[in-house]
Amino acid sequence: MDPPMDFQVVVLAGGTSDKLSPLVSKELPKALLPVANKPLLSYPLELLEASNLKNIIVVVEGDEAATQVESWLSVAYMDRLNVEVVKTPGDVGTVGAIRAVAPFLISTDILIVSGDLVSDISPGAIAATHRRHGAAVTALFCPAPVSGGADSSTSGGKDKAKKPSRCNIVGLDPTRQFLLHVVSGAKVEKDIHIQKRIVRAVGQMEIRSDFMDAHVYAFKRTVLLDVLEKENLYSIKQDVLPYLVRTQLRSEISAKKENSADESSNGATKELPSEDININSAVPSNQNLRWLSQHREIAPSSYQEIHISDCDMNKSRLAKKTHKCCIYLSGKTQYCARLNSVQAFGDINRDMLGEASRITGYTFSAQNNVVHPTVVQGAKTTAGGQCIIAEGTILGDKCSVKRSVIGRHCRIGSNVKIVNSIVMNHITIEDNCTIQGSVISSNVQIQERASLKDCQVGAGYVITAGSEYKSEPLTKR
Amino acid sequence: MDLRRPNRPVIGPKVRQVGFVTPDSAAATSSSSIPAVSAAAATSAGSPPSSLSPVMIPPPRHPSTEMSNPHFHPVGSYNPSEQILGSPPALSPSRSSRFDADGSDFGGDDDESVALSGVGGGMTPKSSLLMRQPVTKTAPLVSETHKRDSNVSKGKGDGPSAAPKEKLTKAERRATQEAQRAAKAAAKEAAAAGGAPSVSKQPKPATKPATQQKKDVPSGSGPLQPLAPSGSIEKKQGKKEVAAPHPRMQFDDMTKVGKLKKRAVVNQSEARNRVELFRHLPQYEHGTQLPDLELKFFQLDLIHPSVYQVGLQFLSDKISGGNARCIAMLLAFKEVIQDYTTPPEKTLTRDLGAKVGSCVSFLIECRPLSVSMGNAIRFLKNRISSLPHNLSDKEAKSRLQSDIDRFINEKIIIASKAIVEHGVSKIRDGDVLLTYGSPSVVESIFAYAHGIKKNFRVVVVDSRPKHEGQGLLRRLVERGIHCTYTHLNAVSYVMHEVTRVFLGASSVLSNGTVYSRVGTACVAMVAHAFRVPVLVCCEAYKFHERVQLDSICSNELGDPDAISKVSGRKNLNYLDGWAQNENIQLLNLKYDATPSDYVSVLVTEQGMLPPTSVPVIIREYGIERLWT
């Protein structure tokens with residue numbers, strides 16, 4: 001079956017991430033980590049499904065993780081999506097993952113979505129932008145989650161020392177359609193080196209550090225496969241994208257592919273400025289295409305050099321080789337986050353309960369919470385606003401749950417306070433416990449009068465009676 | 001139809017009113033609408049002879065009728081430009097003297113064009129007398145009749161459906177409905193197109209153009225041949241064919257707009273406070289279409305990706321300009337054909353035609369088609385429907401693809417080169433050439449002339465909001481051509497030093513009206529007043545048999561914000577939030593119509609012609625004549 005609109009989708013579901021260490025383990029790969037009681041991977045998949053993308057390739061790192069993801073997928077999406085799971089050995093990076101699926105890729109463009117994306121931005125919009133510009137790569141950037149003084153719109157990165165993983169330096173053209181410069185987190189240095197020729201071509205560049213790479217990319221397949229042939233690339237975000245952006249005015253990529261494939265597609269040749277029109281010569285049919293670019297008007301943008309030198313439809317084939325790197329900036333109203341740290345896990349869960357509750361697909365009750373009908377609540381127990389309590393959970397008397405997520409089949413004793421926390425499945429909490437701002441993985445046992453504040457508890461851990469923890473990750477050894 | 005403006009004789013023939021003219025003269029319209037009504041009636045009744053080839057004029061009748069009818073003799077020499085052809089600079093005196101002289105000449109002209117426009121399909125002497133009223137009236141007259149016409153045809157459409165309503169099978173009902181719809185569409189089109197088709201519906205109409213043509217056409221190209229507006233033969237072949245040049249949608253008709261919205265792919269919200277006179281044109285809130293279309297990217301399975309891409313590029317103005325849009329569209333269609341496989345139990349000719357039709361309607365939603373695109377589509381559909389049935393899919397596809405290639409090659413590229421050759425012959429050393437906007441052919445002419453070491457200077461006239469001229473200026477300067485850049489406001493000053501005006505055109509209509517980028521008419525008129533020859537460069541595939549007297553009934557509206565906002569001047573914000581104020585209406589027209597009087601010469605690949613020769617070109621070299 002033909003992929004819709006000639007787009008194929010690859011979801012990079014990852015494996016067992018170190019960054020999420022106490023939460024993610026061999027038993028629970030990152031893709032299945034519950035966010036608002038739904039596995040993380042279901043968010044990108046449902047987003048894609050909403051866009052009518054039903055043929056999805058999911059790449060998972062590690063055998064065990066792949067098996068688990070596959071079995072989950074076969075149950076959850078059996079009749080809805082046509083998902084193919086491809087496993088890769090651990091630690092090959094995103095580029096390695098793409099290499100693994102390269103033989104499956106046949107369509108003109110490839111959409112690569114990170115498996116930890118929680119968003120309501122339509123992938124169609126990114127794909128359409130990609131098509132419209134005929135870009136080599138289009139990346140989705142969204143405003144970085146505001147934490148602290150990340151309001152710097154100037155060439156800064158003053159807070160990069162504080163949170164290096166978040167900070168990207170992004171250079172945009174004045175119309176905010178093209179990506180001119182990108183340095184991602186780990187590679188940010190003190191100085192920013194910007195190519196003169198790009199600035200000369202554009203006239204004006206806007207440099208921002210408050211955009212986050214959402215790890216959704218639309219690649220032209222030929223470009224992508226070419227890039228994969230290069231040896232020393234590891235990550236799409238940190239290597240491939242910067243490489244493409246860097247070389248956009250002296251592209252080697254389209255040059256190589258020029259003669260091989262793709263002759264059928266509507267690539268247009270470029271008009272050389274110096275060329276005289278030779279009236280009397282017969283017109284070879286390929287020359288037709290040049291007229292496109294010649295007749296084309298210049299878009300109202302000062303990105304003219306590239307507009308002129310670049311051609312209209314897709315590829316540039318002559319002298320000055322260029323390719324376009326485009327950017328899709330999400331709007332302020334759209335939600336977009338990546339779950340790539342424990343902090344983000346907490347944030348996203350909270351957002352799912354609050355501002356971005358529409359993504360979850362739950363219908364919130366009048367008290368602004370979701371309590372499954374099978375939940376048993378004891379006397380004087382209150383489930384406050386912005387709560388999700390899944391099926392089979394039993395709450396004792398006088399409990400109070402606020403702004404928290406509680407998973408399936410938990411047994412919670414009397415007089416327990418759970419605030420701002422995430423409690424996963426099959427957890428036993430005995431009487432008189434207090435849990436604040438914590439994440440508690442599955443199968444944890446918390447004995448009575450324990451008090452947890454800002455802790456992450458790994459799976460299967462047992463917290464002894466009366467103990468108190470503050471801001472600690474707790475894992476079973 | 002109230003009399004908003006009294007009939008008054010035109011004293012000074014100063015300006016032919018091209019744009020904003022309020023309708024008047026109920027008498028004229030009522031009498032003149034009768035023929036149109038009868039035309040509608042005829043079509044809705046579906047009488048076999050008229051529906052077979054109603055648009056064809058029986059050839060032999062004309063010469064005699066037109067000769068015998070004294071009313072239709074042209075008043076004066078309609079266009080003296082062929083004498084001028086050889087020496088364009090000498091041209092202006094004779095024409096402008098006519099311009100300054102008196103109104104009667106003009107009356108003649110307008111009379112002519114009205115006759116052409118089909119209001120008087122069965123024109124009686126009486127009605128023609130009516131036509132001879134002051135100049136000011138002609139434009140409203142046509143638009144008025146056109147409105148009426150559509151109303152009447154609607155009424156007619158309801159009539160027959162009421163009678164046989166009781167006992168009909170579903171299929172029968174559908175059939176009648178379809179027939180009515182087709183009839184309505186045809187009538188509408190006739191009205192909207194201002195006439196050529198409706199002219200031809202009558203058995204003996206349009207004598208005027210024929211005579212006129214006889215005078216104008218250089219001897220040798222068969223002066224006695226009747227004017228057969230081309231392209232109309234196919235139109236009646238079936239419902240499918242009607243789609244080729246769409247009956248123009250009237251966007252002030254709420255029910256129709258509602259229907260259109262229902263089946264529209266692009267979710268468009270109509271702009272509020274539109275200018276009264278232009279309510280019939282589509283205008284949407286700018287900026288709402290693109291995001292919406294992008295969101296639906298993967299939902300639109302039926303639309304081929306390359307068509308989608310081209311549509312997006314039209315919508316975002318990435319591709320603009322008649323030739324570029326046409327080529328982009330044709331290349332996209334080529335891919336559609338490439339990827340097409342005939343579904344089982346369907347024939348290629350029918351199914352592919354429908355498929356192309358759906359692509360076209362998607363493109364229309366993105367941006368209204370240009371005349372060039374319309375012609376190209378008509379050509380393509382014609383080719384599809386005329387494919388022999390015994391061809392295999394592969395053969396048929398490759399044949400169509402090579403047809404498209406040939407079209408692009410011959411009708412656009414080689415044509416442009418021929419135009420360049422012709423155009424260059426009119427550039428002499430020391431000339432100062434003026435152009436407006438960024439016409440691609442004119443650019444090629446300049447470039448070529450510069451290449452063969454002609455010594456000339458170029459004045460690039462530009463206008464807000466698109467500033468297309470800047471791109472042209474930049475490319476010309478890169479080639480080393482000496483240029484002056486100015487805005488339209490200054491054209492009257494800069495015209496002093498200009499020796500030739502080269503203009504591009506989106507389309508040239510069969511009465512010689514040049515339909516082009518808004519502002520072109522202004523430049524042409526100023527040039528005319530300064531007696532500077534105006535050369536309009538246009539490929540013949542952009543010619544259209546339609547007749548248009550003003551730029552109202554068919555035009556395109558741009559984004560009103562584009563004219564309300566001045567880039568770089570933030571303090572100039574008086575128009576901010578204009579959409580909330582009911583008293584403000586912004587009009588950003590995209591095209592205007594330049595009357596043929598202001599055009600000295602049309603430069604086409606067939607040579608340099610007076611604008612009056614357009615019908616001949618359409619007849620002799622029209623799209624339908626291509627390889628048939």
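Lettering follows sequence order; numbering is per chain, from 1.
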Just verifying a value: how many Å separate [X] [atom1] and [Y] [atom2], rounded to the nearest 0.5 Å?
X: B/His304; Y: A/Asp6; atom1: NE2; atom2: CG; result: 7.5 Å
X: A/Arg132; Y: B/Gln313; atom1: CZ; atom2: CD; result: 8.5 Å
X: A/His133; Y: B/Leu312; atom1: NE2; atom2: CG; result: 9.5 Å

Most contacts with chain B, counted as non-hydrogen pairs under 4.5 angstrom, among A/Ala127, A/Ser122, A/Ala50, A/Pro123: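 With the most close heavy-atom pairs to chain B, the winner is A/Ala127.
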If the condition is ring pair (Phe, Tyr, Trp, His ring centres under 6.0 Å), which residues does B/Tyr340 pass it with, not counting sequence neighbours? none
